Novice: 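Quick one: structure below, then a few questions.
Bear in mind the structure is a predicted one, so any value in this text is a computation, not a measurement. Values below: every heavy atom of this structure, side chains too, minus hydrogens, waters and symmetry copies. All chains are named by letter (A, B, ...) in the order of the sequence lines, taking the proteins before the strands, and each is independently numbered beginning at 1.
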2 protein chains.
Amino acid sequence: MSNCEQCIVREFSALKTLTKDEVVSMSKCKTASTIKKGEALFVEGENVNGVFCIKEGVCKMTKLSANGKDQIVKLTQRGELLGQRSLISDEPANLSAIAVEDMEVCFIPKSEILGFFNNNNAFSMSVMKSVCGDLREADDTLVNLAQKNVKERLAQTLIYLEDNFGVFEDKSLKLQLSREEIASIIGTATESCIRLLSEFKKAGLIELQGKKITILDKVKLKRIIE
Amino acid sequence: MSNCEQCIVREFSALKTLTKDEVVSMSKCKTASTIKKGEALFVEGENVNGVFCIKEGVCKMTKLSANGKDQIVKLTQRGELLGQRSLISDEPANLSAIAVEDMEVCFIPKSEILGFFNNNNAFSMSVMKSVCGDLREADDTLVNLAQKNVKERLAQTLIYLEDNFGVFEDKSLKLQLSREEIASIIGTATESCIRLLSEFKKAGLIELQGKKITILDKVKLKRIIE
DNA sequence: GCTAATATATGACATTTGTCATATAATTTT
DNA sequence: AAAATTATATGACAAATGTCATATATTAGC
């Protein structure tokens, strides 16, 4: 059992506010596990009963729409906590969490987290800030979906992927999503997404090679967003 | 100066968790004011430095998009608190709050609220739940904007307005928004909104009379949403 | 009550986006 | 390596939505 003390998640999440004793206590009750690409950490409607720490990998938070299509609401990565909202609201998850890369996670049971809330005000405030950050991002995404057209949203998403998940040595995006997944982020049909990617390629903005996407002209791409 | 003890906002918001002493302290530092329809409580980018309690009236939370159009992200009404996110994140407001009806509000300064956070864990948890509720709603709205078409979103918004703000004796919606405001909720052009309202009217789903909108056939309207 | 200003309504048309069909490429299975 | 499966790509067309022009109704100011 590895010690939580040195974990990357402690560096970036609300867990940074825990005392040494609290970290020791958490180390004892956590459960580590590996999640393969495509597998779910939890699904919409499920009682999560705790929080996941993402040590490695990226997952998509999705919600099933009435028309049967999944909408990607958010991407969550290494260093972040998952399932806070559900725990605080004491409700089943309103989103599913599906790995888009192989992941390493730890599960911390609800009782442990509630203990931190009761005894450590800094932790409460830190989690609250994190949820507020999520709310702000959700509001921004919402406005983009409502006010920008599909081309603008695609350009924005490509830049978001480069800025937040980085590029390989060959400049291609590290996070390799399927066309369907990209379409599900921007809220459009897969065909429309593919068509616009082709259009961007013809215009020399990006390069496509299988799943690899490389941004060639970020400036022009940004100009599309406005 | 009226006493906060009996205020409607205490009944419905996180303020219900305050102790008697805390309420007395809050009564002393609050500032009551009247906001006319169309006036702003605060605007995007502004430092709010406190929280507003809505004693009466409804306001729209809007965000200016890059294309110059305002998007309504949320409607907030009597009994609710405003500006929590901004206070917790210690950031300027990311949304503007504009009265859509005459309002009566009280302003509670930041220092007072921070005191409650430090001394009253139930208050912290209650605010956290409220923000989590907002996050859940934002996620739902986001998915609707991405996956439903304009007609479905309009039908849904009409039902939302009836369910959440009620109707007059003549069954018309109590909250009278302009066509432009309705368009700004569903994220479409004002003309498209007007056209679809006409279509609903022709189909016998609603009745239009100036600003008055009356839902005639809620069942069929719900069927449109799916 | 009249005038001006604003909001609502509708037509005409262009553009965007979705859907279905089909082709090609990439990946997985055997 | 071949076959089968799945993902990506593209064409053709329909449907949805946006834009601009203009008409009519409603509201506000005098």
Novice: Once you round it to whole Å, what is the distance between P of dA9(C) and CD of Glu199(B)?
Specialist: 14 Å

Novice: Mind checking if Lys69(B) touches a base, just sugar-phosphate, or nothing, with heavy atoms under 4.0 Å?
Specialist: sugar-phosphate

Novice: I want to check one thing: is the phosphate of dA26(C), taken as OP1 and OP2, less than 4.0 Å away from some side-chain N or O of Lys211(A)?
Specialist: no

Novice: In whole Å, I'd like the distance from the CD1 atom of Ile194(B) to the C1' atom of dC20(D).
Specialist: 14 Å

Novice: Can you tell me if Lys212(B) touches the phosphate of dT26(D), counting only side-chain N or O atoms and a distance under 4.0 Å to OP1 or OP2?
Specialist: no

Novice: Look at Thr188(A) and dG18(C) and indicate whether a side-chain polar atom (N or O) is within less than 4.0 Å of OP1 or OP2.
Specialist: yes

Novice: Check whether any side-chain heavy atom of Leu158(B) sits under 4.5 Å from a side-chain heavy atom of Ile215(B), and report yes or no.
Specialist: yes

Novice: Indicate yes or no: at least one non-hydrogen side-chain atom of Lys211(A) is less than 4.5 angstrom from one of Ser178(A).
Specialist: yes

Novice: If I take atom CD1 in residue Ile182(B) and atom C1' in nucleotide dT17(D), what distance separates them, rounded to the nearest angstrom?
Specialist: 18 Å

Novice: Can you tell me which nucleotide in dC20(D), dA9(C), dC20(C) comes closest to the side chain of Arg195(B)?
Specialist: dC20(D)

Novice: For the pair made of CZ in Arg179(B) and C1' in dT27(D), what is the distance, rounded to whole Å?
Specialist: 14 Å

Novice: Any side-chain N or O of Ser198(A) below 4.0 angstrom from OP1/OP2 of dT8(D)?
Specialist: no

Novice: Please report the distance, rounded to the nearest Å, between CG in Leu197(B) and P in dT17(D).
Specialist: 14 Å

Novice: Would you indicate, yes or no, if dA7(C) has its OP1 or OP2 atom less than 4.0 angstrom from a side-chain nitrogen or oxygen of Thr190(B)?
Specialist: no

Novice: Would you kindly give the NZ-to-P distance between Lys37(A) and dT27(C), to the nearest whole Å?
Specialist: 10 Å

Novice: Do Lys218(B) and Ile159(B) come within less than 4.5 Å of each other through their side chains, counting heavy atoms only?
Specialist: yes

Novice: How close or far is atom C1' of dT8(D) from atom CD1 of Ile213(A), stated in whole angstroms?
Specialist: 11 Å

Novice: Closer to the 5' end of DNA chain C via nearest nucleotide, is it Glu191(B) or Ser192(A)?
Specialist: Glu191(B)

Novice: Can you tell if the side chain of Met26(A) reaches within under 4.5 Å of the side chain of Ile108(A), non-hydrogen atoms only?
Specialist: yes

Novice: Taking it one step at a time, do Lys171(A) and Glu207(A) satisfy salt bridge (Lys or Arg N to Asp or Glu O under 4.0 Å)?
Specialist: CA-CA 10 Å; Lys171(A) 312 274 188 191; Glu207(A) 196 176 288; over 6 Å; no

Novice: If I take atom CG in residue Asn149(B) and atom P in nucleotide dA15(D), what distance separates them, rounded to the nearest angstrom?
Specialist: 14 Å

Novice: Considering heavy-atom distances to DNA chain D, does Ala146(A) or Lys202(A) have its closest nucleotide positioned more toward the 5' end?
Specialist: Lys202(A)

